[in-house]
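Structure, as structure tokens:
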Amino acid sequence: MAHLDTTSAQSYFDNLGPGHTADYRGVEFTESLLGRLLEKLQVDGRPHLHNAKFNGAKFAGAADFSKVDFSGDVAFTGAEFTGDALFSRAVFSQSAWFENVKFAGLVRFSGARFKGGDARFSESEFMRNVRFDDVTFNHAARFNGATFRASSRLGPLRAAELELTGALFLAPLTIEAAANSVLCQGTRWEAATIMRLRYALVDLSNAAPTQPTAISAHPSPFEGLDETPLTPSGADAAPAVCLLSLQGADVSQLVLNNVDMKRCTFSGAFHLDQLRLEGGCEFSRPPTWICGVWPPRRWSKRITIAEENRWRATAKGRWKKRRYPGWSYEQGDPEPVNEPTPETLSVVYRQLRKGFEDSKNEPDAADFYYGEMEMRKRDKRRPWVERRLLGVYWLVSGYGLRAARAFACLITAMAVTALALMLWGLPNGSLQPKTTGKVTGQNISLKTEQPSPELTLTGKNRISWDRTEKAIRVTLNAAIFRSPSQNLTTLGTFIEMAARFIEPVLLALAILAIRGRIRR
């Protein structure tokens, strides 16, 4: 290929024909010079450039590449556009390199088609408005380290991968994309941003939105955009947007709407308590019944995060066997920077719980509280006594969140109390006071004695309908009505005292659990 300088370019273009291959590096193009070049290379009314290299070229005034067919690789690396750069409805058959390009004017790629390799805009600087509407990238669109200084609109577009790693947005941004993945590691948003996505796996590791940034799953196909390559059946599959990572990100300005959070890694994120989750953001759930082990296990229904799933799936118990069978996590997801532990997971759950409480979402906040308590119970750095108390708290009421468990424990405790009173607490029968007296002259001295409760009944004589009714009445009085105690044996008095302490606590926990689920 010939390498041209500015002085020889004009005469050189006179000899060009369709399909000509040339090296235009360093050429300074005026509008007329560029127009003359494209006019010479027209085929069927469309200019054709083959393996064109514009590295370091300078374009004075508007550079109009609209409807140009770029066959082979095309490179604009290091080029400078002092006016508008227009690539509307251009077709790129192979890789397109726009790395380290300075766009001083309007940039428009409306209707462009990138059919071959990647389209790279890494480290480029966009000084004015950018438009990438109705653009299709059959491979990746990479904007690594690019700077956008004016309001921009990326989309609606389709891409196998949209990479914004390290990009800087200094003005309002709208992104509408149907993509397999959207990578925003270290991306900075200095202005309000709206991202409407479909099908995408999103990675926000180390991202820093300093202004309100909303990411949502777009429910319907973008108008005029062909999404067929992204759906295996060719039909409109569920356009779920799955968030993979928030590690190291500042999420104080982040709003997520209808985003799948089942695989999201939260560890290391800042201001998690300020993260706003709206719409139907779904989290993972623990397994239900686990058979094949003894005894079979059933896990309580609640919200879990990916780090807990990973920790339970990899934790080892005795003899190096899986400690929590049935738990799993997605292979190939971003690895946590630090291996998840109960200590770090309890902090994540606490921050997420606070965020839900601040947004008045008490039912979901309760699930995060449950996860926090689970991690605290398994944190071996905490005192042994605290972990045992949390174990009891879980057993009797599910940390004050499982009303059925609390009621079951209450009924069990009342049944045990009634049985114990019937066997050891109730005396033989009703105790009748006995009054004795003595007459001395005209004086009468009377003394009333209360017989001591005695239990002399043996065996099955202690079990009868009459004694059952009395035992139930004493138990209900002790647990709920708090009426004066009945005449009981010494052992029965201690049984009643224990019931007066334990059973109201279980009743309060059951009411607390119901309140937590119906509270707004």
Side-chain angles (χ1 to χ4, degrees), residues 295 298 300-301 362 366 369-370 373 377 384-438 445-519:
R298 180 185 181 278
S300 182
K301 293 182 179 180
E362 295 291 342
Y369 175 75
Y370 195 104
M373 293 295 102
K377 184 177 69 174
W384 178 86
V385 175
E386 177 184 344
R387 289 187 282 123
R388 291 298 176 267
L389 287 175
L390 289 174
V392 174
Y393 192 23
W394 165 83
L395 181 64
V396 299
S397 66
Y399 308 113
L401 299 173
R402 300 295 181 258
R405 190 181 306 179
F407 275 120
C409 290
L410 175 61
I411 293 172
T412 301
M414 294 176 68
V416 171
T417 300
L419 180 62
L421 288 173
M422 187 167 51
L423 294 177
W424 302 293
L426 296 175
N428 291 335
S430 60
L431 302 179
Q432 299 296 330
K434 181 179 181 181
T435 302
T436 59
K438 180 172 66 174
S445 176
L446 300 176
K447 181 179 181 182
T448 301
E449 296 181 351
Q450 183 71 29
S452 299
E454 295 182 355
L455 179 59
T456 59
L457 297 175
T458 59
K460 57 185 178 181
N461 293 326
R462 298 186 181 186
I463 302 176
S464 64
W465 285 112
D466 182 60
R467 290 175 63 82
T468 300
E469 185 271 332
K470 289 182 179 179
I472 293 174
R473 186 173 64 250
V474 173
T475 302
L476 289 175
N477 286 333
I480 302 174
F481 302 109
R482 314 295 289 174
S483 61
S485 60
Q486 306 289 321
N487 290 320
L488 300 172
T489 63
T490 302
L491 182 57
T493 301
F494 285 106
I495 293 174
E496 184 192 31
M497 291 170 60
R500 283 179 178 272
F501 174 75
I502 296 174
E503 293 168 8
V505 172
L506 295 175
L507 179 62
L509 290 174
I511 296 174
L512 178 65
I514 295 175
R515 172 60 174 161
R517 285 299 174 183
I518 64 176
R519 187 178 178 182

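Remember, it's a predicted structure, so these values are computed and weren't measured experimentally. One-based numbering along the sequence shown.
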**OP:** State, to 0.1 Å, how close Ile514 and Ala403 come at their nearest heavy-atom pair, and which atoms those are.
**Re:** CG1-CB, 3.6 Å

Subject >> Glu469: salt bridge (Lys or Arg N to Asp or Glu O under 4.0 Å) partners, not counting sequence neighbours >> reply: Arg473

Contacts under 3.5 angstrom, residues 387-395 side chains, donor-acceptor by atom type, not counting sequence neighbours:
residue : atom : partner : partner atom : Å
Arg387  : NE   : Arg382  : O            : 3.3
Tyr393  : OH   : Tyr399  : O            : 3.2
Trp394  : NE1  : Tyr370  : OH           : 3.2

Subject >> Heavy-atom closest contact (Ala406 atom, Leu506 atom, distance) >> reply: CB-O, 4.0 Å

List, one per line, each side-chain donor-acceptor pair under 3.5 Å for residues 407-421, sequence neighbours excluded.
residue : atom : partner : partner atom : Å
Thr412  : OG1  : Ala408  : O            : 2.7
Thr417  : OG1  : Ala413  : O            : 2.7
Thr417  : OG1  : Glu503  : OE2          : 2.7

**OP:** Please report the closest heavy-atom contact between Arg405 and Ser397, naming both atoms and the distance.
**Re:** CD-N, 4.0 Å

Original post:
Who are the side-chain hydrogen bond (donor to acceptor under 3.5 Å, both in side chains) partners of Thr468, not counting sequence neighbours?
Top reply: none

